[in-house]
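A short write-up of the structure that comes next.
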Amino acid sequence: MPLVSMRQLLDEAAKGGYGVGAFNVNDMEQIQAIMMAAKQTKSPVIVQASRGARAFAEDLYLFKLIQAAAELNPDIPIAMHQDHGNSFETCRSAIALGYTSVMMDGSLKEDGKTPSTFDENVDVTRRVVDYAHERGVTVEGEIGVLGGVEDGHGAGGSGLEHITDPDQAVEFAERTGVDALAIAIGTSHGAYKFNKKPDGSVLKMDVLIAIHKRLPYTHLVMHGSSSVPKELQDIVNKYGGSLKPTWGVPVEEIQLGIRNGVRKVNVDTDNRLAITGAIRKVFAETPEKFDPRDYMKPAREAMAKVVSERMTEFGQAGHAGDYTPIPISKMAEDYKSGKLDTRPSVAAH
Ligand code: 13P
């Protein structure tokens with residue numbers, strides 16, 4: 001099956017009342033792990049690459065691997081997404097490669113570190129929306145600023161510093177016409193999100209619910225949504241790692257989000273932990289081994305297990321065969337005719 005539009009994938013998720021995991025990739029084994037899990041659970045899937053991933057793997061290698069995944073798995077809808085684009089140019093180059101979705105993260109300036117002004121964010125996101133929709137490509141924006149740093153991208157600090165204001169979220173959706181909106185509700189990228197199991201004082205699910213009530217036609221995105229399970233931390237530490245005690249976003253909170261408009265759930269750290277734990281185990285238990293396949297195979301399996309658990313928990317499992325892909329050229333026509341317009345003043349009518 002050709003790569004599908006992320007907008008179609010999220011519209012279907014909204015119809016079915018489920019969420020879709022967006023898993024980060026840097027290499028072949030991670031892509032294979034996602035596809036193993038998608039095949040096993042019969043799930044549609046979003047594969048995403050950060051700027052760091054594109055630089056690490058080189059654009060063409062990474063994109064051809066995704067095309068191979070699509071060719072080898074004709075029954076699985078796959079959307080290929082640029083995670084945290086920092087500029088119009090990053091989004092344009094992803095679209096030129098064939099990505100079917102881009103995130104323009106205008107919450108930060110082009111340096112990917114300094115929070116931008118609301119108007120700067122609107123301006124750059126609107127430009128990307130115009131360009132992408134003309135080509136049938138989906139756009140995710142961000143309002144509010146996440147905590148932490150991922151692949152060199154992020155404002156740092158805790159997730160509580162720039163929580164999304166619901167009024168601003170509505171104005172942003174109206175002025176940009178984004179398909180999907182990442183909001184800041186206290187999560188951050190990476191392993192160190194919370195220093196105890198999060199409650200409502202640090203994870204603002206009430207803000208998410210308020211935003212969904214006012215923006216029912218814009219798909220919400222939860223970034224920084226790894227659960228950082230203790231079992232995965234323990235494996236890493238048992239075999240020589242030194243992770244400090246930490247808590248992620250409990251799956252029940254993500255499920256609450258999914259019941260309230262969250263359609264895309266970003267997960268990277270849990271997979272990194274699974275891979276690292278599996279590799280450490282092989283190194284610690286069989287130090288005589290030196291064939292990379294001896295540790296990459298268990299690493300790939302460990303990641304596939306985490307991904308397939310998340311696919312089941314987010315509810316996307318079993319939905320791969322629900323629909324046939326709309327060609328990207330048809331998506332472009334539908335954007336042009338206004339059929340896919342999500343702006344709150346228009347979508348409600
Ligand atoms: P985690 O670090 O929680 O996996 O978040 C990943 C993410 O949000 C990618 O954009």
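Atoms within a ligand are numbered from 1 in the order they appear, just like the ligands themselves. On a predicted model such as this, the values are computed, not experimentally measured, just so you know. Numbers here are sequence positions counted from 1.
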For ligand 1, which atoms, with element, lie under 4.0 Å from some heavy atom of His223? 8 (O), 10 (O)
Can you list the ligand 1 atoms lying under 4.0 Å from a non-hydrogen atom of Asp83? 9 (C), 10 (O)
Which ligand 1 atoms does Val267 reach within 4.0 Å, using its non-hydrogen atoms? 4 (O)
Any N or O of Ser188 closer than 3.5 Å to N or O of ligand 1: no
Applying salt bridge (charged side-chain N to carboxylate O under 4.0 Å, His left out) between Arg7 and each of Asp179, Asp334, Asp341, report the one that passes. Asp179
Should one rank Met103, His189, Gln48 by closest heavy-atom distance to atom 7 (C) of ligand 1, which comes out on top? His189
Please could you name the atoms of ligand 1 that Gly224 approaches to less than 4.0 Å, counting only its heavy atoms? 1 (P), 3 (O), 5 (O), 7 (C), 8 (O)
Ion pair check, Asp291 and Arg293, cut-off under 4.0 Å: yes
With sequence neighbours left out, the residues meeting side chain to side chain donor-acceptor pair (under 3.5 Å) with Asp294 are none
With Thr114 via side chain to side chain donor-acceptor pair (under 3.5 Å) - residues at least two apart: Asp111
Under-4.0 Å heavy-atom contact with ligand 1, by part of Asp268 that carries it: both
Under 4.0 Å, heavy-atom basis, I'd like to know which part of Asn24 is in contact with ligand 1: side chain, backbone, both or neither. side chain
Cation-pi, Tyr99 ring and Arg54 (6.0 angstrom, 45 degrees): yes
So the atoms of ligand 1 within less than 4.0 Å of a heavy atom of His84 turn out to be 10 (O)
Is Lys244 close enough and on-axis enough to Tyr192, meaning under 6.0 Å and within 45°, for cation-pi? yes
Can you tell whether the side chains of Asp234 and Lys238 come within less than 4.0 Å, N to carboxylate O? no
Part of Ala191 within contact of ligand 1 (heavy atoms, under 4.0 Å): neither
Under 4.0 Å from any heavy atom of Lys193, which atoms of ligand 1 are there? 1 (P), 2 (O), 3 (O)
Taking C-beta and beyond as the side chain, do Met6 and Ile46 meet within less than 4.5 Å on heavy atoms? yes
Give a yes/no verdict on whether any heavy atom in Met222 is under 4.0 Å from an atom of ligand 1. no
